Novice: 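One structure, as structure tokens, below. Some questions next.
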Amino acid sequence: MSVETDKSYNPYQEVLKILDLAAEKLKLSKNDYEALRYSERELRVSIPVEMDDGSIKVFTGYRVQHSSSRGPCKGGVRFSPEVDLDEVRALAAWMTLKCALVNIPFGGAKGGVHCNPAVLSERELRSLTRRYTAMISPIIGPEIDIPAPDVNTDAKIMSWIMDTYSMIKGYNNPAVVTGKPLLLEGCLGRGEATGRGVMLTIVNLYKKLGQPLAGQTVAIQGFGKVGNAAARLLQEKGCKIIGVSDASSGLYQEQGLDVDQLIKYVNAKGNLLKDYREEGVKHINNQELLTMKVDILIPAAIENQITEDIARKTQARIIVEGANGPTTSAADMILEEKGILAIPDILANAGGVVVSYFEWVQNKESFKWQEAEVKEKLAVIMEEAFTEVWKVYQDYQVSPRIAAYMIALQRTAETKKLRGVFP
Ligand code: NAD
């Protein structure tokens, strides 16, 4: 049920294309940002796991650190059969740009393990996570590189990472990973933070457009951690969520889906949207979801979903990227020609890393903030970043994506310049 993706798509080449465009607009010389075209460090590991049937299976994992110029590297860990080095490289570079855009003192990293977690037992998943953590432990740490959840990883997996690293070090190290459960020094509001950031981005956008948000129709691709939190929070703002999808199928209801009921349904382990039944709810595929007539489309699944073909067919007025890299650069140009406003990933989904930053700060202080404080501080940072992007978008007459990259690139390149090239 997935969309026909662009076959020549290489996510890392996509990052470089936009980086070069942003550098051109900023009139940066090659020297100013050449180092940012490469990851600082790339680690590939083999992860042997004793499976439940007694056999040994070896999985491949990666941890890529794109840049540590602005602070410790930061980025999630993804478990997926699609993971490869170029994907992890791109995701790491997007983290550098995202952290710079929202101006938090982190660089960018990402990790991934090539596996299908849906077919692993809990014991196999735990062994895989622990061995992966042990293999990357020489290059992670609270002051070096701090993992977090991403596709198919969650608070439970973060607990195993925290415990494994702490066992290796011989003392408790909560600040080595974020997105942990509350009992293990997690942060209130982290679970919904990326979805909340998506909602705040849309609120900020509608303020700039001078239009009311209530009553707007929304379609969301991907009903995982990001998609379902965004759906719930936008519904609270009076939006009508008329379409949602996961990897198995999509659902459509003209008068608005019952988001709370759907969240309960998917949170019950193993439930897929293809098996969901409710009167008046129609099953659709991902292509139909991405091209339906809707005010706001939120891709919140994986990369390479809004392809040239989808961009030509899409009827959305506004696209807000919950996922990382959902739109190809070729599709982006079509969206621009069609006058569809696309708010880029490095702005729209930054809520997760901002609250991860809050979690790390609390861990280092051994202190817990109230949830209201987390929400308030997140809203301030998201509004500041949005305002900056909007200003560059208007001043330079570029797309919001180029505007966001320009701010992030300028900030990172300037930091690098101040520090100089070692030795
Ligand atoms: P998740 O694993 O919780 O959910 C992913 C969802 O996407 C699931 O519903 C899955 O079925 C669906 N999906 C997967 N492949 C699909 C396909 N081919 N077609 C349609 N749906 C598909 O993951 P998540 O944490 O919600 O992450 C989603 C996206 O948001 C990713 O791009 C991730 O990098 C990005 N992101 C996540 C966070 C975070 O804090 N979790 C932060 C920033 C960005």
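These numbers come from the heavy atoms of this one structure, side chains and all, not from hydrogens, waters or symmetry mates. Because the structure is predicted, anything quoted here is derived from the model rather than measured. One-based numbering, in listed order, for ligands and for the atoms of each.
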Novice: Salt bridge check: are Glu185 and Lys180 linked by an N-O gap of less than 4.0 Å?
Specialist: no
Novice: Would you mind telling me if ligand 1 is within reach of the side chain of Asp150, the backbone, both or neither, using heavy atoms under 4.0 Å?
Specialist: both
Novice: Can you list the atoms of ligand 1 that are under 4.0 Å from a heavy atom of Ile302?
Specialist: 15 (N), 18 (N)
Novice: A side-chain contact here means heavy atoms from C-beta on lying under 4.5 Å apart; do Arg78 and Asn152 qualify?
Specialist: no
Novice: I'd like to check which ligand 1 atoms, numbered from 1 as shown, lie under 4.0 Å from a non-hydrogen atom of Arg190.
Specialist: 40 (O)
Novice: Mind checking whether Asn324 contacts ligand 1 via backbone (N, CA, C, O), side chain (CB onward), both or neither, at a 4.0 Å heavy-atom cut-off?
Specialist: both
Novice: Does the plane of the ring in Trp369 sit parallel, tilted or perpendicular to the ring in Phe358? Use 30° and 60° as the thresholds.
Specialist: tilted
Novice: I need the minimum non-hydrogen distance between Val203 and Leu213, along with the two atoms involved.
Specialist: CG2-CD2, 3.8 Å
Novice: Is it the case that ligand 1 has an N or O less than 3.5 angstrom from some N or O of Ala247?
Specialist: yes
Novice: Around Lys364, counting heavy atoms of other residues, nucleotides and ligands shown, do more than 12 lie under 6.0 Å from its NZ?
Specialist: yes
Novice: Under 4.0 Å from a heavy atom of Arg78: give me the atoms of ligand 1 that qualify, with their elements.
Specialist: 31 (C), 32 (O), 33 (C), 34 (O)
Novice: Can you name the closest pair of heavy atoms from Ile263 and Asn228 and give their distance?
Specialist: CD1-O, 3.5 Å
Novice: What atoms in ligand 1 come closer than 4.0 Å to a heavy atom of Asn152?
Specialist: 2 (O)
Novice: Check whether any side-chain N or O of Thr96 sits under 3.5 Å from a backbone N or O of Gly108 as a donor-acceptor pair, and report yes or no.
Specialist: yes
Novice: Please compare Val354, Asp154, Val355, Asn349 and report which has the shortest non-hydrogen distance to atom 43 (C) of ligand 1.
Specialist: Asn349
Novice: Side chain, backbone, both or neither: which part of Glu303 has a heavy atom under 4.0 Å from ligand 1?
Specialist: neither
Novice: Would you kindly specify which portion of Ala300 sits under 4.0 Å from ligand 1, judged on non-hydrogen atoms: side chain, backbone, both or neither?
Specialist: backbone
Novice: Quick one: does Leu91 get an N or O within less than 3.5 Å of an N or O on ligand 1?
Specialist: no
Novice: Does CD in Gln394 sit with more than 12 non-hydrogen atoms of other residues, nucleotides or ligands closer than 6.0 Å?
Specialist: yes
Novice: Counting heavy atoms only, which of Val226, Val244, Val266 is nearest atom 24 (P) of ligand 1?
Specialist: Val226
Novice: Is atom CZ of Arg411 surrounded by more than 12 heavy atoms (other residues, nucleotides or ligands) closer than 6.0 Å?
Specialist: yes
Novice: Which one of Ala148, Ser249, Gly224 has a non-hydrogen atom at the shortest distance from atom 8 (C) of ligand 1?
Specialist: Gly224
Novice: Quick one: which ligand 1 atoms are inside 4.0 Å of a heavy atom on Thr194?
Specialist: 38 (C), 39 (C), 40 (O), 42 (C), 43 (C)
Novice: Suppose I only count heavy atoms of Lys225 and a 4.0 Å limit; which atoms of ligand 1 are within that range?
Specialist: 1 (P), 2 (O), 3 (O), 23 (O), 24 (P), 25 (O), 26 (O), 41 (N)
